[in-house]
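Chain identifiers are assigned alphabetically (A, B, ...) following the order of the sequence lines, protein sequences preceding nucleic acid strands; residue numbering begins at 1 within each chain. All values derive from a computational prediction rather than experimental measurement. Keep in mind that the numbers below use all heavy atoms, side chains included, and drop hydrogens, waters and symmetry copies.
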Amino acid sequence: MTERYNVQAAETKWQKIWADKKTFQATEDRTKPKYYVMSMFPYPSGRIHMGHVRNYTLSDVVARFKRAQGFNVLHPMGWDAFGLPAENAARDRKIHPAQWTYENIKNMRAELVRMGLAIDWSREFATCDPSYYKHQQKLFLDFLKVGLVDRKESWVNWDPVDHTVLANEQVIDGKGWRSGAPVEKRQLSQWFLKITAYADELLAALGTLDRWPEKVRLMQENWIGKSAGARVRFSLMETAQSRLREAQSSRAQDIEVFTTRPDTLFGASFIALSPNHPLAAQLAQKDAKLAGFIAECNRTGTSEAVIEAAEKIGYDTGLKAQHVFEGQGALPVYVANFVLMEYGTGAIFGCPAHDQRDLDFARKYKLPVKPVVLPPGEDAKNFAVGTEAYTGPGVIYNSQFLDGLEVEAAKQKAIAEIEKRKAGTGTVQFRLRDWGISRQRYWGCPIPIIHCESCGPVPVPEKDLPVQLPEDVSFDRPGNPLDHHPTWKNVACPKCNKPARRETDTCDTFVDSSWYFARYCSATNSDKPVERSQADYWLPVDKYVGGVEHAILHLLYSRFFTRAMKITGHVGVDEPFAGLFTQGMICHESYKDEKGQWLYPEEVQKNADGTAQHVKTEKPVTVGRSETMSKSKKNVVDPGKIIDSYGADTARLFMLSDSPPERDLEWTDAGVDGAWRYLNRIWRKAAEAQLPPVGSPLPTQFTDKGQKARRAIHRAIADVSRAFEQFHFNVAVARVRELSNALDELDAQSANDMHVLREGLEALAQLVGPMLPHVAEDMWERLGHKTLLCDTPWPKADPTLLIDETVTIAVQVNGKLRATIMMPRNTAQKDAEAAALADPNVQRAMDGKPAKKIIVVPNKIVNVVA
RNA sequence: GCGGGCAUGACGGAAUUGGUAGACGUAUCGGACUUAAAAUCCGAAGCCGGAAACGGCGUGCCGGUUCAACUCCGGCUGCCCGCACCA
């Protein structure tokens, strides 16, 4: 008798209909407002994981909701397809990176299609397609023309076994993650994108991104790291000058330092150079001990743990520098391991009293500690610095012309004096560095440059793009396969036609993802990276959804790229993403067997008493806390299997229920069952109800139950719409469930009520549509509609049904709830007061005392102060 | 070290932003249907006391503002995240 919802059949059916009708293909329809929503595109690892499911469900709800609201929606998908794992697969499994990647894409696309996403698949691309990276090469050349590309030397982590540069994350305990060999620091000539040219602008514009999470903006702000200070030159003293002249024929130089605390210059007791400072290198040529010290510093890793534990050590060069201000004598010049060459000038002045690192260093090398900032309430005679540097506010003393000034004023004055003496300038320093994009790898976008012995680096002429990756490469020896290729790199110089060599480095994969959102606008255009009119129509992205792990690099690079693309005329906007949403992670309990080996959830059976055992061996299993799903801990659930047994809608509903999208979500089987039950429940309701035909006019009078249900229906429409707007999908689910509970109250015997039930079920189908698109379409059809639900305009709440004519008013006595009274809406204040005071519970609570004061909030509360 | 976030029943969470705390769901318990189970439906439930009416307590802790505080302010505690020898 009762029919059951056939998930698999229904989901396949609707997916096919959407695809056949090209429902979600977008064009630049200028009669409608546009809405561009996208998820961060996946790396084609081979399978989708739960994080993907959550990500795409979120953007899909937005896409479908906005579409129903009448927006012209673009919701695209692509593949972040270059990267190291493909090369690892090539090495480990003897399969070509391209083959591996495209097979993975094929599998993952099929899984995404099964999720029933409202995606315009006609715009799909992979970044490893020459038809994509060809445009990227063009962008590189355009950026080069306007001076946003630079070639310079930089220090890198070098793996001497794999012959490649490693990212910091690939250096584990100072060793290469694959080779296990100790990583060396090397100087290498690399291509850079000059993101620092936009440091100030990228920082300032964060203020305009009011639809970004505060947290992400702060992270970017810290990353850009603007600090105001001064560059100050310390001249080397006579004896030192002569020593240097001995060491090197060139003339001796000054030492320039950067400081944010020019107000503490009178507290200086030493100068410290980075081990990689040019002057240190110069001295090391004649000083074997110094050379050894520098080598030692470069051997020590840069990992956080190492830095944490590392002691501050230095080497006294014997040089003396003249203090910028008179009468301050000479300062010893050290080379110190804690000074970074990459920041500021690679040299500092040490003021031990007011900087903890300098203090540690000074104590170790018995250097003077002279306080120059007097903390409030301290006495100048008695104040001394012990083991903790004083970095707080105060008044400057022991500092000649700065004496008596507050810290900020003293900074200004000090800078003015330095500038007057031509010993330096006030300046702004950024923590942000230029973006090194060269990678010694095969599976990436080739950098379109040809190196010629006589002409230097020459851009590849645009007519020769793309510079395509050769297919016949071998991964059987370490290093860059492009470099080993017998013929690929041999080309004629485009300028002088002499034999020349191609650049064999490829782009960092972050380059690929820095402009893909723009490419979606013109994905089928083969002439240009983006067609300006299309970009102008769609950009910026209205809502970008993805993991917070990309809060800095990817999002910052994309912001930079967009500016660079604007300057080179490709787009018209500065900011790529007007709205950003960062989703939480998916967590699951983890399990270990007796031997401490991780187990998959499906290998574990839970017992009633809370213990757990292995499904097969029945040996006890330790249940660990719920933590982020990761392959290494095996606490993962395969979305494919969930979709197989419960369908996509169940997975989607579970993702949206309970946990707010920005928070972590714990995956539980019980939660999945709950979602599954609910979707069957509403489907049954739509399929079994005996309703008046589609389009029957609503009666003008309703039963009490009917009237109540109608209020619930319109309340739900209003609340769910608001919840969607606010990204509170868990609330939307709760409101939808309340609506289905309310519809259960209707009387199946009442023909009048059944009109209301039709209204309610149609609203219900529409409200769940963005979240459960398949069930919703199926319900819509069962309700007798011939059109697609997803083409149906979003329902509007009847405002007259949103206000109750009877309200429940809470009555408090001295702020404590004592009674609730039912009153007609907008009852006069004094009537509400009278009714409240007449309530027996209220009288009892007042205990015969007179009311001193009565506060009435209309239709809400009466508070009697007795 | 610097920057930021969070804390509400057994659990996930809600509270239109100062106005009835615990919506909605999970798990639990009781009932109906069933030979039985599953599914489904109905009901109970913050904690303490009470048969109940009702009363007391209650949003991490301490204090403040207010007629009224999960919400605002000050001070703690505990977890979580980002950056980190950035001068």
Discussion item. Check the phosphate of A84(B) against Arg431(A), side-chain N and O only, distance under 4.0 Å to OP1 or OP2. Yes or no?
Written reply: yes
Worksheet item: Parallel under 30°, tilted from 30 to 60°, perpendicular over 60°: which one fits the rings of Phe727(A) and Phe729(A)?
Response: tilted
Worksheet item: For G46(B), is chi within 90° of 0 (syn) or not (anti)?
Response: anti
Worksheet item: Any N or O donor-acceptor pair linking the side chain of Arg433(A) to the base of C86(B) at under 3.5 Å?
Response: yes
Worksheet entry | Trace of the salt bridge (charged side-chain N to carboxylate O under 4.0 Å, His left out) decision for Glu627(A) with Lys633(A) | CA-CA 9 Å; Glu627(A) 50 195 324; Lys633(A) 286 179 180 155; 3.1 Å; yes
Fill in: Polar side chain donor-acceptor pair, Asp798(A) to Thr800(A), under 3.5 angstrom
yes
Fill in: Residue pair Leu665(A) / Met655(A): nearest heavy atoms and the distance that separates them
CD1-O, 3.4 Å
Practice prompt. Enter syn or anti for the glycosidic conformation of U17(B), syn applying to angles within 90° of 0.
Written response: syn
Fill in: All ring-ring contact (aromatic ring centres under 6.0 Å, His included) counterparts of Tyr557(A), not counting sequence neighbours
Trp435(A), Phe510(A)
Worksheet item: So does Lys853(A) get a side-chain nitrogen or oxygen closer than 4.0 Å to the phosphate oxygens (OP1/OP2) of C67(B)?
Response: yes
Practice prompt. Could you pull out all residues at least two apart from His728(A) that satisfy ring-ring contact (aromatic ring centres under 6.0 Å, His included)?
Written response: none
Practice prompt. Sugar-phosphate means primed atoms, P, OP1 and OP2; the rest is base. With that split, encode nucleotides 16-23 of chain B 5' to 3' as B, S or - using protein heavy atoms under 4.0 Å.
Written response: B--BB--B
